[in-house]
Number of protein chains: 2
Amino acid sequence: MTKLASQKNPTILDVAEKAKVAVGTVSRYLNGQSLRSGNSEKVAIAIADLGFRRSNAAAELRRTKSKFVGFILPMFDEFHTDVLAHVIQDLREHGYIVLPYSHGNQKLHLPDALSYFSEHRVAALITSGDTGYEKHAAALRALKIPLILYSNELQGLDVDRVLVNDRAAAIGATRHLIEMGHRRIAVLTGNMADSTAQSRFAGFCEALAQDGQPPPAPNRIAGGGWLQHHGYLGTKALLDLPEPPTAIFSSNYMLTLGAFQVLREMGLSVPENVSFVTFGDIAHYPFYGGGVTAVQFPIQSIANSITEHFISRHQGKDLPLSRTISHDCSLIIRGSVRRI
Amino acid sequence: MTKLASQKNPTILDVAEKAKVAVGTVSRYLNGQSLRSGNSEKVAIAIADLGFRRSNAAAELRRTKSKFVGFILPMFDEFHTDVLAHVIQDLREHGYIVLPYSHGNQKLHLPDALSYFSEHRVAALITSGDTGYEKHAAALRALKIPLILYSNELQGLDVDRVLVNDRAAAIGATRHLIEMGHRRIAVLTGNMADSTAQSRFAGFCEALAQDGQPPPAPNRIAGGGWLQHHGYLGTKALLDLPEPPTAIFSSNYMLTLGAFQVLREMGLSVPENVSFVTFGDIAHYPFYGGGVTAVQFPIQSIANSITEHFISRHQGKDLPLSRTISHDCSLIIRGSVRRI
DNA sequence: TTGTATGCGTTATCAC
DNA sequence: GTGATAACGCATACAA
């Protein structure tokens with residue numbers, strides 16, 4: 001059989017031959033290392049002529065450090081997708097490839113994800129650290145790769161963390177309600193097993209306490225999960241109270257969605273019938289009725305910190321086992337809080 | 001130096017040795033092929049004992065067909081992210097890995113994406129086929145891999161297409177406006193270089209024609225791009241008309257967002273001051289004012305068709321060079337259209 | 001810096 | 001089906 005060059009992809013051997021340099025030189029070129037002046041051009045020309053593309057599989061196999069980074073997101077919702085998109089962008093500029101893995105809001109099956117990432121020998125794992133990770137701490141440690149958490153705190157693991165000041169933001173949002181004259185304030189919490197849900201609730205309570213108010217009565221606490229139906233059911237219960245709240249503090253945007261669903265069904269509007277403050281700002285909130293007052297996450301900063309954590313960790317410098325960065329949120333005041 | 005087993009990842013050789021079978025047998029096991037009864041168990045036990053994980057890089061290097069599939073999306077917006085998420089899920093069930101590439105709404109730099117995908121030897125390329133692809137047709141052909149387009153039509157390439165019946169949906173949406181008594185109807189178009197923008201506009205005009213109306217006057221046609229600011233500027237112009245439209249037909253959800261921004265700034269509301277119909281349904285539309293009447297895309301069906309196209313193409317069956325599947329959309333009627 | 005040789009871990013190809 | 005062996009394409013250690 002005659003060799004048909006067009007049949008096979010050209011390799012660095014072909015490039016080396018054509019450029020009349022050694023394969024090592026081509027490899028050095030591909031990895032951005034310096035070569036003798038003049039050689040760069042020769043190699044570049046040969047690559048262009050041959051239409052050569054390095055095989056990432058071969059490089060990956062031979063490399064000591066993988067270029068893949070795993071990213072687990074609970075679902076492709078606005079917040080997580082936004083973080084993911086930024087991280088993909090940031091890491092690509094450093095030459096890394098992000099492998100997203102979503103468990104589609106099914107019950108988390110972390111072992112599946114870990115086995116998937118093991119196959120790809122990912123250099124690190126980025127995740128929001130949802131409920132249930134503690135159970136798999138051993139498996140995570142067995143991966144022997146850096147773990148980078150964003151959004152949620154997670155105890156008992158040596159990881160880098162990128163958090164937001166949930167508590168402070170919750171205090172600010174609640175205080176805004178108080179300043180606008182609200183006293184019967186209810187709260188929609190997230191899944192209280194998650195640290196974000198706890199911190200936001202704690203901040204809410206603290207703002208109340210600072211105002212000299214008692215902690216919220218149990219029937220003013222609803223939700224208990226992150227999804228729309230939690231917000232729906234929770235808000236329904238709150239509004240059915242003999243003394244319904246004049247304002248609601250919501251712990252994320254999906255709860256808020258569910259709340260709005262109820263309000264719509266009951267023919268109530270914001271802020272005329274009930275005031276509203278929510279965690280999580282989305283592109284649509286400015287136009288929801290009079291606009292929704294919301295706690296905005298600094299997505300760009302979160303993504304940057306994730307990237308920085310990864311890069312420094314991957315350089316293998318001497319680093320503490322665990323580092324935490326916290327970012328502040330902004331309260332975007334719109335029209336969903338009525339002064340009473 | 002003594003060999004420390006814990007230092008290196010176990011390989012199929014280790015598994016084969018431990019299970020007392022040949023490496024080929026282990027490979028067959030890993031790829032789901034049938035083994036002599038009893039051998040499966042032996043291999044499974046050895047794998048579990050050793051904590052073995054196949055190296056995808058090595059497999060990918062040696063395989064004749066890659067397990068990677070490229071996916072280009074213009075941005076991580078609701079529509080494209082939704083399609084992506086479903087495709088990731090569908091393809092994972094078939095053992096394929098999706099590599100998303102977004103150009104972040106910058107000017108499309110297709111060569112970057114193609115070079116990235118070349119390195120990974122992707123088995124196929126999925127993309128919405130935005131404006132500007134024609135210029136790179138040669139480069140796309142040079143990849144010698146199946147191309148699967150969704151959303152946009154693209155002439156002059158042998159590709160599989162998954163489209164929606166934009167024209168029919170546009171007719172339906174416009175007819176709804178007409179049936180509700182509207183005669184002064186304006187349109188926000190997308191980028192008219194894209195087939196979706198053309199089809200939606202054509203459907204809009206056809207519905208008008210069916211009602212015996214003339215084509216829209218030039219000053220009733222605005223937008224000309226897919227982004228929020230196109231909707232903003234376009235709507236501003238429409239409402240500044242001596243005879244502003246009583247209803248607006250919007251070609252996607254971001255245009256609609258921009259339109260709502262203007263309406264809000266001008267203190268106008270939907271549908272009291274202007275009625276609205278939009279392409280693209282999103283989770284928030286039920287709660288926008290009285291709810292937004294919208295054309296809903298069948299995301300699940302689109303994703304399924306993409307997957308089917310890829311799988312059949314990848315099986316290498318004898319197939320026509322180009323296949324097209326079209327899906328119908330649904331008009332979700334809510335409260336953004338006033339009867340006049 | 002360059003050239004050469006070796007190995008990464010798997011799949012494909014045979015003969016059995 | 002199974003077993004032995006030859007690639008796959010690149011990075012790297014080593015000697016030059």
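In what follows, every chain begins at residue 1, and chains take the letters A, B, ... in the order their sequences are listed.
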Nearest-Å distance for atom pair [atom1]/[atom2], residues [X] and [N]:
X	N	atom1	atom2	answer
B:Gln33	D:dG3	CD	C1'	15 Å
B:Ile12	D:dT2	CD1	C1'	14 Å
B:Tyr29	D:dT2	OH	C1'	17 Å
B:Ile47	C:dG9	CD1	P	16 Å
A:Lys20	C:dG3	NZ	P	12 Å
B:Arg63	D:dA6	CZ	P	23 Å
B:Lys67	C:dT10	NZ	C1'	13 Å
B:Leu13	D:dG3	CG	P	13 Å

Does [X] have a side-chain nitrogen or oxygen under 4.0 Å from the phosphate oxygens OP1 or OP2 of [N]?
X	N	value
B:Ser55	C:dC8	no
A:Thr25	C:dT2	yes
A:Arg36	C:dT1	no
A:Ser27	D:dC10	no
B:Arg54	C:dT11	yes
B:Asn31	C:dT11	yes

Practice item. Tell me, yes or no, whether the heavy-atom count around A:Glu17 atom CD, taken from other residues, nucleotides or ligands under 6.0 Å, exceeds 12. Key: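 Result for CD/A:Glu17: open.
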
So what does [X] hit on the nucleic acid, given a heavy-atom distance under 4.0 Å: a base, only sugar-phosphate, or nothing?
X	result
A:Arg121	nothing
A:Val23	base
A:Asn39	sugar-phosphate

Considering only side-chain heavy atoms of [X], which listed nucleotide, [options], is closest?
X	options	value
A:Thr64	C:dA12, D:dG9, D:dT12	D:dT12
A:Phe52	D:dT2, D:dT12, D:dC10	D:dC10
B:Leu61	D:dG1, D:dT5, D:dC8	D:dC8

Review point. When the nearest nucleotide of DNA chain D is assigned to A:Arg28 and to B:Leu35 on a heavy-atom basis, which residue is associated with the more 5' position?
Key: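 By nearest-heavy-atom nucleotide position, the 5'-most residue is B:Leu35.
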
Review point. Is the distance between the ring centroids of A:His314 and A:Tyr96 less than 6.0 Å?
Key: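 Under 6.0 Å, so yes.
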
Review point. How about A:Phe71 and A:His80: are their ring centroids closer than 6.0 Å?
Key: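 Centroid distance A:Phe71-A:His80: not below 6.0 Å, so no.
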
Review point. Where does the angle between the aromatic ring planes of A:His120 and A:Phe68 fall among parallel (under 30°), tilted (30 to 60°) and perpendicular (over 60°)?
Key: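 Aromatic pair A:His120/A:Phe68 classed perpendicular.
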
Check your understanding: Does any donor atom in the side chain of B:Ser322 or B:Asp158 lie under 3.5 Å from an acceptor atom in the other side chain?
Key ->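 No donor-acceptor contact under 3.5 Å links the two side chains.
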
Practice item. Report yes or no: does B:Ser312 contribute a side-chain atom to a donor-acceptor pair with the main-chain N or O of B:His309 at less than 3.5 Å? Key: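 Here the side-chain-to-backbone pair exists.
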
Review point. For the side chain of B:Arg62 and the base of D:dA7, is some donor closer than 3.5 Å to an acceptor across the two?
Key: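 For B:Arg62, whose side chain was compared with the base of D:dA7, there is a donor-acceptor pair (under 3.5 Å).
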
